[in-house]
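Comments concern the structure below.
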Amino acid sequence: MNKRVAEVLAAPQIGEKLEIGGWVRTRRDAGGFSFLELGDGSCLANLQVIAEQTLANYRDEVKKLSTGCSVLVRGILQESPARGQSVELRAETIEVLGWADPESYPLQKKHHSFEFLREICHLRPRTNALGAVARVRSRLSYGVHSFFQERGFIQVHTPIITTSDCEGAGEMFQVSTPSPASGAGESGGDSGEFFGRPAGLTVSGQLQAEVYAQALGNVYTFGPTFRAENSNTSRHLAEFWMVEPEMAFCDLAGNRQVAEALLKYLLRLVLTECAADLALFDRFIAKGLVAKLEAVVEQEFAHITYTEAVQQLRQSGQSFVYPVQWGIDLQSEHERYLTETIHRRPLIVTDYPAAIKPFYMRLSDDGLTVAAMDILVPGIGEIIGGSQREERSEVLLARMEQAGVDPLAYDWYLDLRRYGTVPHSGFGLGFERLVQFVTGMANIREVIPFPRTPGFAPC
RNA sequence: UCCCCGGUAGCUCAGCUGGUAGAGCAGGUGACUGUUAAUCACCCUGUCGGCGGUUCGAAUCCGUCCCGGGGAGCCA
């Protein structure tokens with residue numbers, strides 16, 4: 001029966017007859033036979049195949065195999081007499097499924113820059129590093145669901161096309177298609193828009209998640225999110241995935257606890273279940289990565305208020321490009337200094353000035369701050385942003401007016417406060433930033449299979 | 001979008017103050033070998049990012065556009 005390399009290497013059975021399909025990583029010839037390194041993507045490690053010259057197609061085909069060729073190997077698993085691997089597959093037949101002309105196949109048996117691999121994003125998952133990223137990403141994705149499902153959260157598929165802008169979250173991509181009704185002539189008030197009004201791709205599922213939280217209690221969304229910002233950085237994408245829990249009867253402290261528990265759960269999961277892939281990142285991408293992740297799991301996250309952050313920055317004696325004073329938005333240099341130099345661990349900053357935060361965040365009794373939180377992580381910066389939501393309709397209305405937001409456009413959102421309102425909280429976790437943090441990959445474009453950035457969406 | 005740096009062989013890069021191009025790896029051929037970034041010998045490879053300009057002459061200088069990297073803004 002067809003087995004994956006990961007299964008074979010995890011529990012090798014000497015003498016077992018196997019059929020393995022995979023891609024040739026490299027071929028080395030010895031006297032009278034050849035070694036094939038066979039990888040199938042199920043794990044980082046390859047299976048060594050012994051191809052004797054007695055194979056019917058040895059001279060015509062096996063000797064011509066090169067990096068990237070796909071083959072189906074049938075043979076017997078045996079102990080390996082040489083060092084470097086404990087078992088190997090002695091081939092009885094090798095069927096070549098697809099050639100990969102070495103003159104033109106872009107992937108070589110050598111290191112490639114990530115910038116180059118990005119230009120061939122249809123081939124890059126065949127490399128060790130990008131394959132490992134894909135496996136870790138998949139495990140993290142599954143972990144997000146298991147974390148919430150184990151705790152009784154209901155997953156809500158919030159809409160991708162939306163007519164509500166989540167203020168403060170960035171520019172929306174426009175979804176523009178002529179109305180099917182236009183031209184029919186009957187509907188006099190036809191705007192010509194497919195949805196009867198301007199629509200866009202969601203910049204956050206938060207507002208709709210709030211709807212379900214105020215019906216089902218604890219919910220989460222995990223889906224694609226779009227920002228039409230002209231951002232050219234190593235930590236921004238035009239299309240990315242975001243995890244957004246929303247919890248009824250939950251204040252900011254509860255919000256913080258869930259966020260910290262989620263991050264630790266996911267790190268612990270990957271440390272135990274993706275050890276080989278993490279070891280690769282630790283060796284070649286970010287030295288000390290595993291120790292850093294282990295430390296994060298073991299330590300309490302630091303927690304300070306914005307006001308304390310401002311004090312700490314001012315007392316640090318450090319000179320910043322942007323001077324620190326109460327009321328400013330913390331700049332990257334400030335966030336990095338706080339989490340990387342002062343606290344040296346993940347840092348939760350709460351209670352930001354109301355003036356620099358969106359209208360839906362809950363106004364505190366001081367009237368100056370809102371119940372907001374950002375989780376900052378060394379190397380990445382902001383990985384989570386969240387808040388307790390404003391549940392008092394008259395306060396919410398006032399804040400909307402201050403922010404210049406038309407209450408009529410958010411009438412449904414205000415209804416949630418008019419009828420059976422409850423305190424509730426939630427946050428957004430940038431999934432790619434999580435994958436970046438876990439893998440140590442420097443550029444966010446390497447942790448999503450098909451990155452979308454301004455001017456770049458090749459397939 | 002702004003600031004700085006870069007774009008030379010399939011890949012990674014060298015090429016000083018202008019005289020029209022090179023190394024390693026990859027690839028090809030052969031030898032050798034229970035090999036594992038295999039080794040050794042020989043061979044091949046270029047619109048020097050695009051366009052325009054200066055000059056007798058541009059990979060090299062100037063302008064502009066495109067793309068990439070680092071930083072910043074926006075944020076997740």
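Chain letters run A, B, ... following the sequence lines, proteins first and then strands; every chain starts at 1. Everything quoted here is computed from the prediction, not taken from an experiment.
For the pair A:P106 and A:L123, the minimum side-chain heavy-atom distance is below 4.5 Å.
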Which atoms of nucleotides 42-50 of chain B (N or O only) lie under 3.5 Å from a protein N or O atom, and what are those distances?
none

Can you check nucleotides 11-13 of chain B for protein contacts, nitrogen or oxygen pairs under 3.5 Å, and list what you find?
{"residue": "B:C11", "atom": "O2'", "partner": "A:K110", "partner atom": "NZ", "Å": "3.2"}
{"residue": "B:C11", "atom": "O2", "partner": "A:K110", "partner atom": "NZ", "Å": "2.8"}
{"residue": "B:U12", "atom": "OP1", "partner": "A:S113", "partner atom": "OG", "Å": "2.8"}

Pairs under 3.5 Å (N/O, protein and nucleotides 29-32 of chain B):
none

Are any protein N/O atoms closer than 3.5 Å to N/O atoms in nucleotides 4-7 of chain B? If there are, list each pair with its distance.
none

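Candidate nucleotides B:G34, B:G28, B:C75 were compared by shortest atom distance to the side chain of A:P81, and B:G34 ranks first. Considering only the side chain of A:R336, B:A72 comes nearest among B:A72, B:G27, B:U1. Set against B:G28, B:G69, B:G34, the side chain of A:I50 has B:G34 as its closest nucleotide. For A:Q48, the side-chain atoms get nearest to B:U35 when compared with the rest of B:C75, B:G70, B:U35. Checking B:G73, B:G34, B:G69 against every side-chain atom of A:R118, the shortest atom distance belongs to B:G69. Considering only the side chain of A:Q331, B:G73 comes nearest among B:G73, B:G69, B:C75. Listed candidates were B:C74, B:U35, B:A76. Nearest to the side chain of A:L237 is B:A76.
With P as the reference atom, B:C65 and B:C25 are 41 Å apart, rounded to whole Å. The same atom, C1', is picked in B:A9 and in B:A59; the two are 14 Å apart, to the nearest Å.
Straight-line distance from the CG atom of A:N232 to the C1' atom of B:G70: 13 Å, rounded to whole Å. When rounded to the nearest whole Å, the span between CD of A:E333 and P of B:C74 equals 12 Å. One interatomic measurement links the two molecules: NE2 of A:H236 to P of B:G73, which rounds to 9 Å at whole-angstrom precision. As a whole-Å value, the separation of A:I444 CD1 from B:C74 C1' is 14 Å. Note: CD (A:E382) to P (B:C74) measures 11 Å, nearest angstrom. A:E335 places its CD atom 12 Å from the C1' atom of B:C74, with the value rounded to the nearest Å. With rounding to whole Å, A:R90 atom CZ is found 14 Å from B:G34 atom P. In this entry the distance linking CZ of A:F456 with C1' of B:G69 reads 15 Å, nearest Å.
Of the side-chain N and O atoms in A:R28, one or more sit less than 4.0 angstrom from OP1 or OP2 of B:A38. Between A:S332 and B:G73, a side-chain N or O to OP1/OP2 separation shorter than 4.0 Å is present. Considering only side-chain N and O atoms, A:K109 lies nowhere under 4.0 angstrom from the phosphate OP1 or OP2 of B:G27.
Side-chain rings of A:F320 and A:Y337 approach one another, their centers coming within less than 6.0 Å.
Note on ring orientation: taking the six-membered ring where Trp is involved, the planes of A:Y352 and A:Y306 are tilted (angle from 30° to 60°).
Every side-chain hydrogen bond (donor to acceptor under 3.5 Å, both in side chains) that A:R25 has, sequence neighbours left out, goes to A:N46, A:N128. Here A:E229 pairs with nothing under the side-chain hydrogen bond (donor to acceptor under 3.5 Å, both in side chains) rule; sequence neighbours left out. In this structure, A:Q257 has no side chain to side chain contact (heavy atoms under 4.5 Å, CB included) partners at least two apart in sequence or on a different chain. Under the side-chain hydrogen bond (donor to acceptor under 3.5 Å, both in side chains) criterion, A:H111 pairs with no residue, sequence neighbours left out.
A:N255 contributes no side-chain N or O that, together with a main-chain N or O of A:C250, makes up a donor-acceptor pair within less than 3.5 Å. A distance-only check finds a donor-acceptor pair linking the side chain of A:Q331 to the backbone of A:D329 [under 3.5 Å]. A side-chain donor-acceptor contact under 3.5 Å links A:R4 to the backbone of A:D40. A:R74 places no side-chain N or O within donor-acceptor distance of the main-chain N or O of A:L72, the cut-off being under 3.5 Å. Using modelled atom types, no side-chain atom of A:R336 and backbone atom of A:G381 make a donor-acceptor pair closer than 3.5 Å.
Residues A:R314 and A:V324 approach most closely at NH1-O, 2.6 Å, considering heavy atoms. Shortest non-hydrogen contact noted between A:V219 and A:F153 is O-CD2, 3.5 Å.
A donor-acceptor contact under 3.5 Å is formed by the side chain of A:S80 with the base of B:G34. Contact annotation: side chain of A:R235 to base of B:A76, donor-acceptor pair absent below 3.5 Å. Judged by atom type and distance alone, A:S231 does not reach the base of B:C75 through any side-chain donor-acceptor pair under 3.5 Å.
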Audit row: A:D351, A:T307, side chain to side chain contact (heavy atoms under 4.5 Å, CB included) steps and yes/no: CA-CA 8 Å; A:D351 303 287; A:T307 302; over 6 Å; no

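Residue side chain A:F240 meets the stacking definition with respect to B:A76: its ring centre sits within less than 5.5 angstrom of the base's six-membered ring centre, and the planes differ by less than 30 degrees.
Both cation-pi conditions hold for A:R151 and A:F147: the charged atom is under 6.0 angstrom from the six-membered ring centre and inside a 45 degree cone around its axis.
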Could you pull out all donor-acceptor pairs under 3.5 Å where a side-chain atom in residues 428-439 of chain A meets a protein atom, sequence neighbours excluded?
{"residue": "A:E432", "atom": "OE1", "partner": "A:W241", "partner atom": "N", "Å": "2.9"}
{"residue": "A:E432", "atom": "OE2", "partner": "A:R137", "partner atom": "NH1", "Å": "2.9"}
{"residue": "A:E432", "atom": "OE2", "partner": "A:R137", "partner atom": "NH2", "Å": "3.0"}
{"residue": "A:E432", "atom": "OE2", "partner": "A:W241", "partner atom": "N", "Å": "3.4"}
{"residue": "A:R433", "atom": "NE", "partner": "A:R235", "partner atom": "O", "Å": "3.1"}
{"residue": "A:R433", "atom": "NH1", "partner": "A:E382", "partner atom": "O", "Å": "2.8"}
{"residue": "A:R433", "atom": "NH2", "partner": "A:R235", "partner atom": "O", "Å": "2.9"}
{"residue": "A:Q436", "atom": "NE2", "partner": "A:S234", "partner atom": "O", "Å": "3.4"}
{"residue": "A:Q436", "atom": "NE2", "partner": "A:M441", "partner atom": "O", "Å": "3.4"}
{"residue": "A:Q436", "atom": "NE2", "partner": "A:A442", "partner atom": "O", "Å": "3.2"}
{"residue": "A:T439", "atom": "OG1", "partner": "A:V435", "partner atom": "O", "Å": "2.7"}
{"residue": "A:T439", "atom": "OG1", "partner": "A:M441", "partner atom": "N", "Å": "3.2"}

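The ring pair (Phe, Tyr, Trp, His ring centres under 6.0 Å) analysis of residues 117-146 of chain A, with sequence neighbours excluded, yields the pairs A:H145-A:Y220, A:H145-A:F222.
In the model, A:H343 has a side-chain atom that pairs as donor or acceptor with a side-chain atom of A:Q312 under 3.5 Å.
At the heavy-atom level, A:T225 lies nowhere under 4.0 Å from the strands shown.
Map A:S66 and A:T26 each onto its nearest nucleotide of RNA chain B; the residue landing nearer the 5' end is A:S66.
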Secondary structure of RNA chain B in dot-bracket form (Watson-Crick or G-U wobble, distances below 3.5 Å, | marking inter-strand pairs): (((((((..((((.....[..)))).(((((.......))))).....(((((..]....))))))))))))....

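Within a heavy-atom distance below 4.0 Å of RNA chain B, no residue of residues 122-141 of chain A is found.
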